[in-house]
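Bear in mind the structure is a predicted one, so any value in this text is a computation, not a measurement.
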Amino acid sequence: MMKQKDIFYQDKKECDLPATNIMVGISDPALNEVNELYGVADVLSLKNAEIYRRSLLALSIVGTLLTLAFLLYDELELYGLILACGMMMFCLFFIRFIADRLECHRKYLEYRILAESLRLQFYIFLAGIKERVIDIMPWSIRCRIPWIEEVLLTLPVTKSEEKASVLECWVRGQKTYHEKALAKAETKNRRDGLITKAVIIITFVAYIATALFELAVYRNVAGTTNVDIVRVFLKILLGTMSAITLLTGNYYGKMSLPNVIDDHKRMIALYKKAEDDIRYGGENEKLILSLAREFLNENSMWYAYQNKNKPDIVF
């Protein structure tokens with residue numbers, strides 16, 4: 001069985017996607033090696049993130065269709081739909097099997113942690129500091145993803161004594177990134193909230209209508225209305241609302257959007273503070289390493305809650 005580090009290097013070897021760059025026109029060999037490895041880890045993480053999200057969406061849609069098929073089978077007595085339910089269940093297990101086989105969730109998270117660690121190492125070296133990221137990395141990451149430490153240990157230490165400013169490329173660049181990412185996350189969260197509110201309102205209205213209808217039937221004032229047809233319609237309506245909740249809850253819920261939003265807000269505040277500190281006190285080793293530790297702590301927290309969001313089957 002291949003170790004996770006060997007799997008990464010195998011993925012790196014087979015990767016045919018154009019690598020990204022932290023910075024172009026690098027002359028320092030150590031910085032160049034960090035930059036190249038970052039580019040591969042970054043695109044591999046993004047690739048697996050896309051596979052992971054598609055798996056979540058597929059599981060959510062198929063799970064919702066399974067719910068609706070069984071609802072129609074039960075309420076409309078369309079007995080042939082029991083076969084459709086079986087097919088949907090097979091699809092759920094198949095999608096989960098493929099997602100597990102591809103390890104898209106694990107690779108998405110771990111390659112992201114590696115990429116961000118390499119990005120940080122690049123900025124530390126760029127600032128003329130010889131500190132290694134593995135020496136300040138949180139224990140939780142070193143313990144849960146030990147192979148990342150092994151990869152980082154292979155990196156050479158820069159021999160250049162030159163120091164470059166990281167204010168624009170790191171502090172302001174990352175602040176801008178988090179501001180844009182925050183806007184996207186808030187848009188997704190609002191969309192999820194609107195769908196949830198709409199489902200709650202429709203469910204509440206349908207429940208009131210059902211209660212009034214049953215009261216009318218009880219008092220024999222429903223007239224010639226076909227009671228069974230109305231009951232089936234109302235049950236299907238309520239069941240459909242539950243199915244929509246399953247769809248949004250399994251898809252958006254797995255994204256941990258409230259946590260992600262809080263993360264972006266904290267990072268924006270962190271980089272604003274760092275920007276102010278640099279403006280008044282200049283760039284120094286103590287400030288940069290303090291920022292680096294906060295950066296790693298945020299990555300550790302992100303990994304901790306995202307690690308729970310594996311693509312699972314939800315009935």
If we only count heavy atoms from C-beta on, is the [X] to [Y] side-chain gap below 4.5 Å?
X	Y	result
Lys47	Tyr108	no
Val260	Tyr305	yes
Phe8	Glu110	no
Ile7	Arg106	yes

Practice prompt. Rounded to the nearest 0.5 Å, what's the gap from CD1 on Ile22 to CG on Leu120? Could you check?
Written response: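 The distance works out to 9.5 Å.
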Worksheet item: In Å and rounded to the nearest 0.5 Å, what is the CG to CE distance from Leu56 to Met255?
Response: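 If we round to the nearest 0.5 Å, Leu56:CG and Met255:CE are 7.0 Å apart.
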Worksheet item: Tyr38 and Phe122: aromatic ring centres closer than 6.0 Å?
Response: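 No; Phe122 has its ring centre 6.0 Å or more from that of Tyr38.
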Worksheet entry | Phe204 and Tyr207 aromatic centres sub-6.0 Å |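 No, too far apart.
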Between [X] and [Y], is there a donor-acceptor pair closer than 3.5 Å when you use the side chain of the first and the backbone of the second?
X	Y	result
Gln121	Val133	yes
Asn307	Tyr303	no
His105	Gln306	yes
Ser290	Lys286	no

Worksheet item: Does the distance from a Lys or Arg side-chain N to an Asp or Glu carboxylate O, for Lys273 and Asp276, drop under 4.0 Å?
Response: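 Result for this pair is no, no salt bridge flagged.
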Discussion item. Less than 4.0 angstrom from a charged side-chain N to a carboxylate O is my criterion; do Arg119 and Glu116 meet it?
Written reply: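 Here Arg119 pairs with Glu116 in a salt bridge, since their nearest N and O are under 4.0 Å apart.
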Discussion item. If you count every heavy atom of other residues, nucleotides or ligands that lies below 6.0 Å from Arg101 atom CZ, does the total exceed 12?
Written reply: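 It does not: Arg101 CZ has 12 such atoms or fewer within range.
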Fill in: Pair Phe295-Asn299, side chain to side chain contact (heavy atoms under 4.5 Å, CB included): steps then yes or no
CA-CA 6 Å; Phe295 178 88; Asn299 283 346; 3.2 Å; yes
Worksheet entry | NZ or CZ of Arg266 within 45° of Tyr271 ring axis and under 6.0 Å |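 No cation-pi geometry.
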Worksheet entry | Closest non-hydrogen atom pair, Asn297 against Pro138 |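 Nearest pair, atom of Asn297 first, then Pro138: OD1-CG, 3.6 Å.
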Worksheet item: Out of Lys180, His178, Lys184, which one pairs with His264 under the side-chain hydrogen bond (donor to acceptor under 3.5 Å, both in side chains) rule?
Response: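 Only match with His264 under side-chain hydrogen bond (donor to acceptor under 3.5 Å, both in side chains): His178.
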Worksheet item: Under 4.5 Å between side-chain heavy atoms, hopping through other hydrophobics if needed: is there a path connecting Ile141 to Ile134?
Response: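 As far as the 4.5 Å side-chain criterion goes, Ile134 and Ile141 are connected within one cluster.
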Worksheet entry | No-hydrogen, no-angle side-chain donor-acceptor test under 3.5 Å, Asn189 and Glu186 |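 Glu186 and Asn189 do not have a side-chain donor-acceptor pair below 3.5 Å.
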